[in-house]
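Questions regarding the structure given below will be posed in turn.
The figures that follow rest on heavy atoms only: side chains count, while hydrogens, waters and symmetry mates do not. Since the structure is predicted, the reported quantities are computational estimates derived from the model, not experimental observations.
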Amino acid sequence: MTINYLPQRLLITVLFFSMASIAAAQQPAASTADTARAASDFEYEYMIISGGMGAGVVVSTNIINTGAVVPFSADFMLQSRHNRFGLGFTHELYLTPQNLGKMMLGESSNVNKFYLKYEWTLLRHSPVNFGVSGQFGLFTVGREADLELDDHTRLFGNLGVVGELGFPRLFLFARPALEYKSYTRLHKEVLVTVSVGVRYKMLSETEKARREARRRR
């Protein structure tokens, strides 16, 4: 499945601005818990910034692009109760015969991914937490996004589980995931990766107001 390059850039821009608008819509802290709950239609408790790296294997219908893969990721999410919504970027370094050969010629088959992200967590406030995680978005190959050398972008999706450990704001996380990439009708890939990294959670103004109200009671 292919998408023209211009819609790709527009979609990426819309994703980032939509998340920024949600964050900006959060109103300042109110004096009581009841007014804090009514602050906005979408009330989030945390803003979460995370970064990490991982390792895994890729199996491709293009046999010479089968091998190892090393992803580097950065994500931003908003948490509302057990749900987290966000977006992110991942750069994947392919350690495959095809990519190693291309790199010797100054080219690359490494992947850049832009995606929406959703997580459901078992617990809301805990130093130990577990959940399920999904990503869906677009990816480009090599320097296509920088040089605009290609007129199409491809789709991918992955599902995984996530575990967190930390307190009170800084958490370590691990995320095993299974991913499917579609380059063309005949070129597909399946990846199995495990990523680890750090997450920093910031309380929203609404959550601060709730906690202050509880403390006063």
- Item | Within 45° cone and under 6.0 Å: K113 NZ/CZ vs F89 ring | no
- Message: Can you tell me how far apart OG1 (T90) and CZ (F139) are? Round to the nearest 0.5 Å.
- Response: 12.5 Å
- Message: To the closest 0.5 Å, what do you measure between CG (L116) and CG (L87)?
- Response: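 That separation rounds to 6.5 Å.
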- Show your reasoning for whether side chain to side chain donor-acceptor pair (under 3.5 Å) applies to K188 and T61. CA-CA 6 Å; K188 314 292 183 182; T61 54; over 6 Å; no
- Task: Could you tell me the separation between the CD1 atom of I48 and the CG atom of L78, rounded to the nearest 0.5 Å?
- Result: 8.5 Å
- In terms of heavy-atom contacts, A55 and P71 come closest through N-CD, 3.7 Å
- Item | Matching residue for R175 among N158, V194, T193, V161 - test: side chain to side chain contact (heavy atoms under 4.5 Å, CB included) |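 The option that passes is N158.
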- Query: Out of curiosity, does L95 fall in the hydrophobic cluster containing F72 (side-chain heavy atoms, cut-off under 4.5 Å, transitive links)?
  - Reply: yes
- Message: Less than 4.5 Å apart, side chain to side chain, heavy atoms only: is that true for L170 and Y200?
- Response: yes
- Determine whether the side chains of N110 and N99 contain a donor N or O and an acceptor N or O closer than 3.5 Å. yes
- Task: Assess whether atom CG of L186 is packed by more than 12 heavy atoms of other residues, nucleotides or ligands within 6.0 Å.
- Result: no
- Message: Strictly below 4.0 Å, N to O, side chains only: are R81 and E45 in salt-bridge contact?
- Response: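 Salt bridge between R81 and E45, a charged N being under 4.0 Å from a carboxylate O: no.
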- Message: Tell me the closest heavy-atom pair linking P168 and F171, and the distance in Å.
- Response: O-CE1, 3.5 Å
- Could you state the interatomic distance from CG (L105) to CG (L100), rounded to the nearest 0.5 Å?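 L105 atom CG to L100 atom CG measures 11.5 Å (nearest 0.5 Å).
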- Do F85 and F76 make the cut of ring centroids closer than 6.0 angstrom? no
- Message: Would you say that L122 contacts N129 through its side chain, given a criterion of any heavy-atom pair below 4.5 Å between the two side chains?
- Response: yes
- Query: Taking atom CE of M104 as the centre, does the number of heavy atoms from other residues, nucleotides or ligands within less than 6.0 Å exceed 12?
  - Reply: no
- Cation-pi geometry met for R154 and Y183 (6.0 Å, 45°): no
- Query: Does some side-chain heavy atom of S133 sit less than 4.5 Å from a side-chain heavy atom of K117?
  - Reply: yes
- For the residue pair F156 and Y115, does the interplanar ring angle fall in the parallel (under 30°), tilted (30 to 60°) or perpendicular (over 60°) class?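 The rings of F156 and Y115 stand perpendicular, inter-plane angle above 60°.
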- Message: Are D75 and I49 packed together at the side-chain level, in the sense that at least one heavy-atom pair is separated by less than 4.5 angstrom?
- Response: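 Heavy-atom side-chain distance check fails, nothing below 4.5 Å.
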- Yes or no on side chain to side chain contact (heavy atoms under 4.5 Å, CB included) for F173 and V196, after CA distance, side-chain angles and deciding distance? CA-CA 6 Å; F173 77 89; V196 296; 6.0 Å; no
- Message: Would the distance check show the side chain of H82 and the main-chain N or O of T121 forming a donor-acceptor pair, the cut-off being under 3.5 Å?
- Response: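 It does hold such a pair.
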- Would a 4.5 Å heavy-atom cut-off, applied to side chains only, mark E179 and E92 as touching? yes
- Atom pair CE (M47) and NZ (K201), whose distance is rounded to the nearest 0.5 Å: 13.5 Å
- Query: Would Y46 and H125 count as a close aromatic pair, with their ring centres under 6.0 Å?
  - Reply: yes
- Task: Take Y94 and E189 through the test side chain to side chain donor-acceptor pair (under 3.5 Å) and record every step on the way to the result.
- Result: CA-CA 12 Å; Y94 274 54; E189 287 182 355; 2.7 Å; yes
- Message: Are R169 and R199 packed together at the side-chain level, in the sense that at least one heavy-atom pair is separated by less than 4.5 angstrom?
- Response: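 They are not in side-chain contact.
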- Task: Dump the intermediate steps for side chain to side chain contact (heavy atoms under 4.5 Å, CB included) on V141 and S109, then the final yes or no.
- Result: CA-CA 5 Å; V141 180; S109 59; 4.2 Å; yes
- Answer yes or no: is there a donor N or O on one side and an acceptor on the other, between the side chain of S60 and the main chain of I63, under 3.5 Å?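 Side chain of S60 to backbone of I63: no pair is present.
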- Query: Is there a donor-acceptor contact under 3.5 Å from the side chain of S204 to the main chain of Y44?
  - Reply: yes
- Query: Are the side chains of R84 and Y118 in touch, meaning some heavy atoms are under 4.5 Å apart?
  - Reply: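 R84 vs Y118: side chains apart.
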- Q98 vs N62 side-chain heavy atoms within contact, under 4.5 Å: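 With C-beta onward as the side chain, the pair touches.
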- Test applied, side chain to side chain contact (heavy atoms under 4.5 Å, CB included); reference residue, L191; option that passes from L178, V58, V111: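 The residue from L178, V58, V111 that satisfies side chain to side chain contact (heavy atoms under 4.5 Å, CB included) with L191 turns out to be V58.
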- Query: So how far is it from L93 CG to S108 OG, rounded to the nearest 0.5 Å?
  - Reply: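 That separation rounds to 8.0 Å.
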- Evaluate the side chain to side chain contact (heavy atoms under 4.5 Å, CB included) criterion for residues V198 and S50: first the C-alpha distance (whole Å), next the side-chain angles of each, then the deciding distance (0.1 Å), finally the verdict. CA-CA 6 Å; V198 176; S50 68; over 6 Å; no
